[in-house]
Amino acid sequence: MATAREIMTEGAECVGAEEPVLLAARKMTEMGVGALPICGTDDKLKGVLTDRDIVIKVLGVGKDPASTKAGELAQGEAVTIGADDDATEIMRTMKAHKVRRLPVIDGHRLVGMVAQADVARALPDPQVGDLLEALSTD
């Protein structure tokens, strides 16, 4: 079965925890992605910032994206997956934490991102349906 390393998008770029959300939004636009890992000044992963987070937690409540720091939106410990974990483990982690994207870690280093669509391409059809159903319900 395919591993995270084989199905991930390589070269995930972080947004710094102290950088403004506006910069994160610009990076997402330039890269054509809907999420960026949030990295602290200590190079540790602090969380994942999504385009939905920006809309709901910043714009939707009247905050200024130019002055709101990305790190303010990091919630708890970041959910990650190991580079050598297989698609079944990725699916289990996504289901358990109700997330659609996971940073991929090799040792302590961020090496990529794996999204729901990446996993869907790597799994047999019945398992894909299970994942989509689990992530679509609250």
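- Evaluation of the side-chain contact (heavy atoms from CB on, under 4.5 Å) rule for Lys27 yields Glu13, Glu19, Leu23, Leu36 as partners, not counting sequence neighbours.
- Cluster membership check: Val119 does not share its hydrophobic cluster with Met113, using side-chain heavy-atom separations under 4.5 Å among Ile, Leu, Val, Met, Phe, Trp and Tyr.
- Residues meeting the side-chain contact (heavy atoms from CB on, under 4.5 Å) test with Thr93, sequence neighbours left out: Val79, Ile81, Glu89, His97, Leu102.
- One hydrophobic cluster holds both Val15 and Val21 under the rule that ILVMFWY side chains link at heavy-atom gaps under 4.5 Å.
- The distance from atom CD1 of Ile54 to atom CG of Leu49, rounded to the nearest 0.5 Å, is 4.5 Å.
- Taking each heavy atom of Pro37 and Leu110 in turn, the nearest pair found is CG-CD2, 3.7 Å.
- Hydrophobic clustering places Val58 together with Met28 (ILVMFWY residues linked when any side-chain heavy atoms are closer than 4.5 Å, directly or through intermediates).
- Residues Gly16 and Ala70 share a closest heavy-atom pair of O-CB, 3.6 Å.
- Contacts classified as salt bridge (charged side-chain N to carboxylate O under 4.0 Å, His left out) and involving residues 45-55 (residues at least two apart or in different chains) are given here: Asp42-Lys46, Asp53-Lys57.
- Residue Met91 holds its CE atom at 9.5 Å from CG of Asp86, rounded to the nearest 0.5 Å.
- Here the closest non-hydrogen pair linking Ile38 and Ala17 is CG2-CA, 3.7 Å.
- Looking at residues two or more places apart in sequence or on another chain, you find no side-chain hydrogen bond (donor to acceptor under 3.5 Å, both in side chains) involving Arg26.
- When all heavy atoms of Ala66 and Pro20 are compared, the pair lying nearest together is O-CB, 3.3 Å.
- When side chains are defined from C-beta on, Arg5 counts as touching Asp84, because their heavy atoms get closer than 4.5 Å.
- Note on Leu22: it does not cluster hydrophobically with Leu73, by side-chain heavy-atom contacts below 4.5 Å among ILVMFWY residues.
- Atom CG of Leu45 and atom SG of Cys39 lie 5.5 Å apart (nearest 0.5 Å).
- Transitive grouping of hydrophobic side chains (ILVMFWY, heavy atoms separated by less than 4.5 Å) brings Met94 and Met8 into a common cluster.
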Pair Ile7-Ile90, side-chain contact (heavy atoms from CB on, under 4.5 Å): steps then yes or no: CA-CA 11 Å; Ile7 64 174; Ile90 297 167; 3.9 Å; yes
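- For Ala115, the side-chain contact (heavy atoms from CB on, under 4.5 Å) partners at least two apart in sequence or on another chain are Arg101, Asp118.
- Taking both residues in full, the closest heavy atoms of Ala4 and Gly82 are given as CB-O, 3.5 Å, listed atom of the first, atom of the second, then distance.
- Legend: side-chain hydrogen bond (donor to acceptor under 3.5 Å, both in side chains) pairs involving residues 64-74, not counting sequence neighbours, sorted by first then second residue: Asp64-Ser67.
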